[in-house]
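Naming: A, B, ... by sequence-line order, numbering from 1 per chain.
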There are 2 protein chains.
Amino acid sequence: MKRDKYTENIQSQMRKGSLEFVILLIISRKAIYAADMLKELKKYELIVVEGTLYPLLNRLKSSGAVEYQWKESKSGPPRKYYKLTSKGKKLLDALLLNWNNLNQSINALIQSYEKNNSR
Amino acid sequence: MKRDKYTENIQSQMRKGSLEFVILLIISRKAIYAADMLKELKKYELIVVEGTLYPLLNRLKSSGAVEYQWKESKSGPPRKYYKLTSKGKKLLDALLLNWNNLNQSINALIQSYEKNNSR
DNA sequence: CAGAGTACTTTGCAAAGCAAGGTTAAATAT
DNA sequence: ATATTTAACCTTGCTTTGCAAAGTACTCTG
């Protein structure tokens with residue numbers, strides 16, 4: 001396996017790991033449907049494809065973290081507008097805490113790395 | 001699936017995603033062998049088990065990011081002391097950049113979440 | 001040499017990302 | 001009105017990978 005491929009692979013894993021978290025954050029702001037989530041993610045350079053997003057949304061749905069309403073569209077089939085449930089809000093809060101902890105651990109490690117490399 | 005299980009699952013995914021990165025950071029500080037890596041990870045509350053770590057180290061090895069030297073031990077079988085190769089250093093630098101980007105994106109999202117929830 | 005402790009390896013299962021292809025509905029073109 | 005295009009959403013199959021559990025191998029102690 002080439003190094004570049006491998007680098008990309010690890011990077012995509014880092015993205016993956018925080019995907020549920022990011023999706024919940026996006027949904028928390030306002031009700032939104034899948035295709036618009038994809039655009040939003042692209043803005044943040046968190047590239048995701050349909051085949052990843054739809055199953056993920058279904059998992060969130062069946063876990064009770066999100067719910068959706070069908071809404072008509074003027075230009076195509078109806079859309080599922082997702083929003084957080086109260087369960088979803090609790091989940092998001094737990095993930096925020098978790099994110100902060102992970103961040104602290106990694107930043108501590110990064111600092112000792114930078115020290116060893118004379119800034 | 002219960003919410004708690006699901007929460008844990010997502011959290012463990014977030015850990016997973018940054019695992020290679022964290023391992024590289026730890027190895028970058030000084031040559032170290034697997035069992036001590038596990039202790040180190042525990043200090044940072046990034047729990048990992050053997051069945052995860054050893055295959056991961058082998059993947060890093062065969063991608064050329066790390067190399068190891070056998071060293072005798074006074075209390076058991078010999079140990080593989082891992083250290084970064086120059087390839088590994090480049091990989092780590094790329095991951096550092098990637099980490100910073102991901103961090104920025106997520107922090108931007110978190111900020112707009114906190115705004116909507118009136119701090 | 002038997003048992004305990006330490007270190008590394010392997011196997012098998014399950015979760016999940018992703019490419020590719022499919023279905024359905026509305027709008028537009030012919 | 002039929003065909004094509006576009007927008008949404010869904011599904012299948014492959015592959016990767018984390019992890020529990022069991023296995024191998026080496027050293028030291030009694």
Peer 1: Please report, rounded to the nearest Å, how far the C1' atom of dA15(C) is from the CD atom of E8(B).
Peer 2: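 Between C1' of dA15(C) and CD of E8(B): 15 Å.
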
Peer 1: Between dA8(D), dC8(C), dA16(C), which one does the side chain of Y33(B) approach most closely?
Peer 2: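 The nucleotide sitting nearest to the side chain is dC8(C).
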
Peer 1: Does the distance from a Lys or Arg side-chain N to an Asp or Glu carboxylate O, for K87(A) and E67(A), drop under 4.0 Å?
Peer 2: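 Judged by the 4.0 Å cut-off on N to carboxylate O distance, K87(A) and E67(A) do not form a salt bridge.
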
Peer 1: Would you kindly give the NZ-to-C1' distance between K71(B) and dA7(C), to the nearest whole Å?
Peer 2: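 Answer to the nearest Å: 16 Å.
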
Peer 1: Mind calculating the distance between CG (N9(A)) and P (dT16(D)) to the nearest angstrom?
Peer 2: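 Taking atom P of dT16(D) as the reference, CG of N9(A) is at 9 Å.
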
Peer 1: I need the CZ-P distance between R15(B) and dA16(C), as an integer number of Å.
Peer 2: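 Roughly 14 Å, once rounded to whole Å.
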
Peer 1: So which one's nearest nucleotide on DNA chain C is more toward 5', G51(B) or D36(B)?
Peer 2: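 Looking at DNA chain C, the more 5' nearest nucleotide goes with D36(B).
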
Peer 1: Starting at CG of L53(A) and ending at P of dC9(D), how long is that distance when rounded to a whole Å?
Peer 2: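 Rounding to the nearest Å, CG of L53(A) and P of dC9(D) are 9 Å apart.
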
Peer 1: Using whole Å, what does the distance between atom P of nucleotide dG22(C) and atom OH of Y54(A) come to?
Peer 2: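 So the two atoms are 18 Å apart, to the nearest Å.
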
Peer 1: With a cut-off of less than 4.0 Å, is there a side-chain N or O of K74(B) near OP1 or OP2 of dC26(D)?
Peer 2: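 No, because none of the side-chain N or O atoms of K74(B) sits under 4.0 Å from OP1 or OP2 of dC26(D).
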
Peer 1: Please report, rounded to the nearest Å, how far the P atom of dA8(D) is from the CE atom of M37(A).
Peer 2: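 Rounding to the nearest Å, CE of M37(A) and P of dA8(D) are 12 Å apart.
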
Peer 1: With sequence neighbours left out, which residue pairs that include part of residues 43-62 of chain B fulfil the ring-ring contact (aromatic ring centres under 6.0 Å, His included) condition?
Peer 2: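 The answer is none; no pair qualifies.
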
Peer 1: Any salt bridge (Lys or Arg N to Asp or Glu O under 4.0 Å) pairs touching residues 98-112 of chain A, not counting sequence neighbours?
Peer 2: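 Not a single pair qualifies under salt bridge (Lys or Arg N to Asp or Glu O under 4.0 Å).
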
Peer 1: What nucleotide among dC8(C), dC18(C), dA26(C) has an atom nearest to a side-chain atom of E72(A)?
Peer 2: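 Per side-chain heavy atoms of E72(A), the pick is dA26(C).
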
Peer 1: Find out whether W99(A) and M14(B) are in side-chain contact, i.e. whether some heavy atom of one side chain is under 4.5 Å from a heavy atom of the other.
Peer 2: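 Side chain of W99(A) against side chain of M14(B), heavy atoms only: contact under 4.5 Å found.
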
Peer 1: Categorize E50(B) for me: base, sugar-phosphate, or nothing, with a 4.0 angstrom heavy-atom threshold over every strand shown.
Peer 2: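 Here E50(B) touches the bases of the nucleic acid.
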
Peer 1: Are Y33(B) and I23(B) joined in one hydrophobic group, where the rule is that I, L, V, M, F, W and Y side chains link up if heavy atoms are under 4.5 Å apart?
Peer 2: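 Cluster IDs for Y33(B) and I23(B) differ.
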
Peer 1: Which listed nucleotide (dA8(D), dA25(C), dA20(D)) is nearest to the side chain of V49(B)?
Peer 2: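 Looking only at side-chain atoms, V49(B) lies closest to dA20(D).
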
Peer 1: Do L25(A) and Y81(A) belong together in a cluster built from hydrophobic side chains that touch within less than 4.5 Å?
Peer 2: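 Per the 4.5 Å side-chain linkage, L25(A) and Y81(A) are not co-clustered.
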
Peer 1: Choosing from dC19(D), dC10(D), dG18(D), which nucleotide comes nearest the side chain of E20(B)?
Peer 2: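 From the listed options, dG18(D) comes nearest.
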
Peer 1: To the side chain of W70(B), which of dC26(D), dC8(C), dC9(D) is closest?
Peer 2: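 From the listed options, dC8(C) comes nearest.
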
Peer 1: Given that P77(B) and S12(B) both sit by DNA chain D, which one's nearest nucleotide is further toward the 5' end?
Peer 2: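 Counting from the 5' end, the first nearest nucleotide belongs to S12(B).
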
Peer 1: Enumerate the residues from residues 100-108 of chain A whose closest heavy atom to DNA chain D is under 4.0 Å, giving them by residue number; use none for an empty result.
Peer 2: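 When residues 100-108 of chain A is checked for heavy atoms under 4.0 Å from DNA chain D, there are no hits whatsoever.
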
Peer 1: Quick one: L57(B) CG to dA7(C) P, roughly how many Å, whole number?
Peer 2: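 Value for this atom pair: 14 Å.
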
Peer 1: Quick one: is dT16(D) close enough that its OP1 or OP2 comes under 4.0 Å of any side-chain N or O from Q13(A)?
Peer 2: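 For dT16(D), neither OP1 nor OP2 has a side-chain N or O of Q13(A) closer than 4.0 Å.
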
Peer 1: I'd like to know if D93(B) pairs up with K90(B) as an ion pair, taking the criterion as any Lys NZ or Arg NE/NH1/NH2 lying under 4.0 Å from an Asp or Glu carboxylate oxygen.
Peer 2: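 Here D93(B) does not pair with K90(B) in a salt bridge, since their nearest N and O are not under 4.0 Å apart.
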
Peer 1: Please check if the distance between the ring centroids of Y68(A) and Y82(A) is under 6.0 Å.
Peer 2: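 Yes, ring centres under 6.0 Å apart.
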
Peer 1: For R79(A) and dA26(C), is the shortest distance between a side-chain N/O and OP1 or OP2 below 4.0 Å?
Peer 2: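 Answer is no, no contact under 4.0 Å.
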
Peer 1: Could you check whether T52(A) gets within reach of a base, just the sugar-phosphate, or nothing at all, counting any heavy atom under 4.0 Å?
Peer 2: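 Here T52(A) touches the bases of the nucleic acid.
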
